[in-house]
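Have a look at the structure below before the remarks.
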Amino acid sequence: MNTGLNFGHLHVASAYSTHYGVTLPEALAEQAAAQGASFLAVTDRDGLYGAVKHVRACVAAGIRPGLGAELAVHDDEYRPLGRVVVLAHGSTEGRGYAALCRAVSAAHGGGGQRGALTSGSTGPSISRARLADLSQLTSLTVLLGPDSDVGLAIGRRDNTDAAVRLAHWQRALPTQSVVLEVVCHLAESGTVGSVTPATRMLALAENAGLPAVLSNAVRYGTPEEAVTADLADTARFLRPLAELETPQTNGQAWLKPAGAMHQVARMVVDAGLHDDGALERLLRDTEQLADRCSLDPVSDIGLGRARMPEARIIGVTGDPVTELWRRARSGIADLYSASGSRAVEAAHAQLAHEMKTVEHLGFASYFLTVSRVADIIRGMGIRIQARGSGVGSVLNYALRTSSVEPIENGLLWERFLSPERQTLPDIDIDVESARRHDIYREVFRAFGSDRVSLMSMTNAYRGRGAVRDAGLALGLPDAQINVIAKQMWRFNARDFRRALEEKPELEALATEVRESQQLDLLVDLTAKLDRLPRHISVHPCGVILSDASLLDRTPVQASGMGLPMSQYDKHDMDPMGLIKLDILGVRMQSAMAHAVEEHHRLTGESIDLDRVPLDDEKTFELIRSTRTLGIFQIESPGQMELVGKLQPEVFNDLTVEISLFRPGPMKNNMPLKYLQARHGEVAPDYIHPRFEPILRETNGVVIFHEQVMRLFDELTGCGLGKADVFRRHLGKPEQLPQIEKYLREKALARGFSVKVIDQVWTVLAGFGSFGFAKAHGAAFALPTYQSAWLKTHHPAAFLAGLLTHDPGMWPKDLIVAEARVLGVPVLPLDVQSSALDYRVEDLADGSQGIRLALPELVGSTETERERIARHQPFGSLQDFRDRVHPRRRTFEALARVGALDTFIDYDRSRRHELLAHIQSLRGTAVIIRADQLAFEVELPVPRYSGLRESGGRTGAITSLELRGRTQTDLELLDLNLAVSTHQMKRFHALFKELGVTPASELGNLPGGTEVLLAGVRRATNTPPMRGGRRVVFISLDDGTGPVANVVFFHDAQERVGGQVFQTNYMLVRGRTRRSGARGVSVTGENIWDLFDVARQVKERHARERAAAEEAASAAAYAAELAAQERALKSASPGGILHNLRAAQSA
Amino acid sequence: MPQIIDTPVDVELSADGDPRAFIWNRFEHTVIGQPQAVFKRTRWWENEGTPTRIDTELWRLDASRGGEEQHRYDLRRNDDGSWILALDWG
């Protein structure tokens, strides 16, 4: 491809220009380098979304990066001036890049500038005045191309207007900032992108004495990707291909090599009358601008240079290192003194070890920053729990950033940070999910919004989105796309065609695809969209903390919650030296906080969950019973099974359990190996006595990253920091020979035999990068234990927390069922006592119940619910209506589910009267202000019973609304939740008749028993499995107790097809499978739709009834005949009897 | 009125990629001046299969046979790189 010619592309959209560009920056840079280019700019639409990836890709490809953005501009009166390309100048010590960041942020309404309010477009737009400000000191070049107001005037063939508009730009912007951009896509004459407007643009530049550059307004790397760009257009305009108003004129917006671009230049110059040397000048000016816009990754963009918040911001006056030492030492004194002097000494020694690395890497401010954030959160009274490898650090523990003690738990600092680790450290903090936004606001307030930004995340196309947008492009009907989209899961859209061939549940779709040209195309187009960036949104937990230069280094735009969000995602943080803190909202933390609050509200006692002893026998008993529904991390069917087999006894067992239940360990069959050793079926194999201290805690099975690191260190003496580098490289097959060579040499020298080395290397190499950091496992195990402790000792409060914050995988009615089993009644919705969250109530018999929360009422508004909560209790129905003024729909729904039963003395049989009364209410409610007393007049609900019997109007309404419905139906309709009885109860008679085994009795059956199970689907899981074949877990709830887990293996999936994912109410035939002492699951063989079964049984009953009736009437007839016969016999034997018999046989 | 030719021809390209000459009816036609390429999009979704390109490549150029008067021609380049002489504009 290298022709010796040079050409630098200045206007290129990457795939991060969502719904516009379609090629990833890495591919663009590689292609440019392969074509012999020495420069490539990426100028994404409305931002720098792909900027960091582009710069890194250019560094990797050995070419010079340029950065810019394609932005809409408006004038002082908010009139649109089209779109321009803003390019940053290089070798300006970062001035150009900073101005570009600021320009992008300004376009998004930041920096005190509003976006285009009246420009007609709703997208981001920057004012020309602001752009002019930022272009001072030759920081930026503004390219006026075909989409600028100048270019648009030329497109209209209005050269005069174009000249006037250009003059405006020249007056507004500093000299040398304005350059005209010539674009020619060799389109047909008379269309956009043809040679005519391009040659006119060149002439305009000549007349105005301005430089012109040639670009290709690139949207994709290769001509083949033009199809994908067509799809992007349909997604952007939300129209099918056939109805696009402005489709791309042709497929020439690709990253053309220098030769092709020079060809274009010749055609453009040849198409008009130009000065001598116009061609050479165009190419030279393009080259010169590329030179000027070449950015130095380090001096211009600051790549790889970390910037922490200034010391005074984190409350430090002196040297951060001294301050860190002081705080850490005092933390150790507080936290370890209770454990004895040896523990204190060990902690101080470890701290000294950790601080050496911190000082060496210059990260003192980082630790102080994180601990400052943790202090802020704790100061707000919010539960906080550190997670991730940072938990392995005594320093973090001493600073109270983390609450897991690392030394006793065998965690390693080097897994988190070491001089060998080149990346910025990463500490994750889990907080109560309900308070996450409050925390963000407080952090912005404390650090200042010029130092803090939320992080963004790029959402890429996945199966369903891809098939929907591909279907839209082809103009397929919504209903058809929906049906297909519903089946697009559990495989990559790129592999759509292969999935169609392989997956039994897709057989029907595969047949349709074979028969339809359009569906065949759909499959290809879906695959093309897969993985392309689709949109950016705020990252669920990332907060960027930096110094006051933050907004010079990252462009920001408003996030959904109003706070500024960086256009950079998590992959960009480390290269850009941006410190990111993951403050993750964890619903379980909110649920536990709610439980603690409820307990405090009712009893006045405060529970400090972080000080609950970790050896409570009752808690472990509950966990071992596998009744773990609602407990953090161990409530899934697979986890229940593993917990049952593992039978945890101490805290470390939970850490092990959680670490085993991960894709890597599962695929490597580690759970089985561990269980065998744990239960004494095989002797633990430590390979060598020197490994025993490392492997003892897991009975000889390598589970944790920390163990791999220790093994490396023991074998080679390389130190734990280096060991972590080796560990990470285990996942890269190409690195293995090198590691093995090093390990063998060193281990031999350190006295290990070849046999031992062979054995241990097999384990290590097989481990790959799998396994789990024990620090993660221990950090997860703590809330696991805490939630189990709450469930054991305060079930009502804990379940109220679960129902309010819904932290787990199970639907609410299963939690309600669990409450029922635990003897905690869930009390119905009641306007007198239901609150905005689930509350625990002390019941008359001394036990506790949970009151259903108001938000469960489907269709009610937040204001209605708030008014109910604010004005409780109500004196009468009238009082309720006057103070709450509910909408009719809400009012009636409340009555239907019994929330207004208080006004009929909780006499459920009168509910129809209540409903009738509400429906008869006319006129508007009296509005009573919040501070006004109600009219204390008793207004009882009138009795309508007489009316109904006489066929009165209200009686008719009642029958329409309530007749034929059970309380459960009404609750499911208005609450989506069956509270009074389980929704499966209505099927129980049917189950009995069919011989269905109740889930609660499964545990009593021996393995291999053939059973029928039935119930409503509560969860579907396809956990990672050894051997790679997909296994489907379905959890069925029949209302008798915990869910029954049915597993469908590959052969059964083929037999039952799509039902395995589609049927929700089902009857299943299968065989029991014992798993460990307590666990039992069922291997499914077949599935039937429960409603079909019920209907068939009903029909059979009807047939049997009809047959019985027929038989009965025949019997009666026969009896009658017999009687007549007797009568006849006594009267006249002979003739009549004979006739009757003949009639009967006829 | 252009005359529809629609016949395969051999095209010789210059070093910079432009058609320099084509051979039609055994006669070499030499290109005069700068030829212009035109790419015209297709409604690919109406055809069978997924396309590799969404446009067709056409070159409009002036050429003459020997010393004869020059004509304007449309040459079409297919996806496989072969050339068709589409039109003779006269």
Side-chain angles (χ1 to χ4, degrees), chain A residues 3-5 184-189 191 193-196 220 222-231 234 240-242 244 247-254 256-271 279 470 473-475 517-518 520-528, chain B residues 1-2 4 11-22 30-64 70-84 86-90:
Chain A
T3 53
L5 295 175
C184 175
H185 285 150
L186 304 176
E188 280 181 283
S189 106
T191 62
S194 74
V195 74
T196 318
Y220 31 90
T222 61
E224 290 76 29
E225 290 166 285
V227 174
T228 320
D230 271 354
L231 295 180
T234 64
L241 285 160
L244 279 179
Q248 40 175 352
T249 30
N250 56 27
Q252 293 303 301
W254 54 286
K256 292 185 177 179
M261 287 309 292
H262 283 228
Q263 210 172 23
V264 169
R266 284 197 304 276
M267 291 183 216
V268 169
V269 172
D270 184 70
L279 176 66
L474 293 173
Q517 181 185 319
Q518 213 176 19
D520 192 65
L521 192 51
L522 179 81
V523 173
D524 283 345
L525 299 187
T526 303
K528 281 185 190 296
Chain B
M1 277 299 286
I4 299 174
V11 175
E12 191 185 323
L13 297 180
S14 66
D16 49 25
D18 293 347
R20 202 187 63 76
F22 61 92
T30 313
V31 176
I32 298 158
Q34 171 69 46
Q36 289 283 347
V38 172
F39 290 81
K40 194 176 165 182
R41 76 165 295 140
T42 58
R43 294 170 68 85
W44 53 267
W45 55 91
E46 291 169 354
N47 309 328
E48 195 167 348
T50 310
T52 51
R53 289 174 180 247
I54 67 160
D55 50 22
T56 54
E57 178 177 350
L58 204 76
W59 284 79
R60 182 155 300 168
L61 41 82
D62 298 325
S64 79
Q70 67 186 57
H71 282 211
R72 177 158 288 186
Y73 299 97
D74 279 0
L75 285 169
R76 191 171 74 237
R77 176 143 60 171
N78 294 324
D79 283 356
D80 63 5
S82 63
W83 290 86
I84 303 287
L87 293 179
D88 178 354
W89 289 88

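First the proteins, then the strands, lettered A, B, ... as listed; each starts at 1. Keep in mind the model is a prediction, meaning the values are calculated, not measured.
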Side chain, backbone, both or neither of A:L241 within contact of chain B (heavy atoms, under 4.5 Å): both
So with a 6.0 Å cut-off around CG of B:L13, is the heavy-atom count from everything else above 12? yes
Shortest non-hydrogen contact between B:D18 and A:R266, atoms and distance: OD2-NH2, 2.9 Å
Considering all heavy atoms, the nearest B:I54-A:A226 contact: CG1-CB, 3.7 Å
Need one label for A:V195: side chain, backbone, both or neither, based on atoms under 4.5 Å from any heavy atom in chain B. side chain
Before giving the answer on side chain to side chain contact (heavy atoms under 4.5 Å, CB included), spell out for B:W45 and A:L525 the whole-Å C-alpha distance, their side-chain angles and the decisive distance to 0.1 Å. CA-CA 10 Å; B:W45 55 91; A:L525 299 187; over 6 Å; no
Run B:D16 and A:Q263 through side chain to side chain donor-acceptor pair (under 3.5 Å) and show every step you take. CA-CA 7 Å; B:D16 49 25; A:Q263 210 172 23; 5.6 Å; no
Closest heavy-atom pair, A:M267 versus B:Q36, reported as atoms and distance to 0.1 Å, is O-NE2, 3.0 Å
Could you tell me which of A:D230, A:V269, A:V264 has the largest number of non-hydrogen atom pairs under 4.5 Å with chain B? A:D230
Turns out that what part of A:A271 lies under 4.5 Å from chain B's heavy atoms comes down to both
Side-chain (A:N250) to main-chain (B:D55) donor-acceptor, under 3.5 angstrom: no
Tell me, for B:E57 versus chain A, whether the close heavy atoms (under 4.5 Å) come from the side chain, the backbone, both or neither. neither
Measuring from A:T191:OG1 to B:R41:CZ, what's the distance to the nearest 0.5 Å? 11.0 Å
Can you tell me which portion of A:Q518 sits under 4.5 Å from chain B's heavy atoms? Options are side chain, backbone, both or neither. neither
Contact origin within A:Q517 toward chain B - heavy atom pairs under 4.5 Å: side chain
Please classify the contact between A:A260 and chain B as side chain, backbone, both or neither, with a heavy-atom cut-off of under 4.5 Å. neither
Can you tell me how far the CG atom of A:L521 sits from the CG atom of B:N47, to the nearest 0.5 Å? 9.5 Å
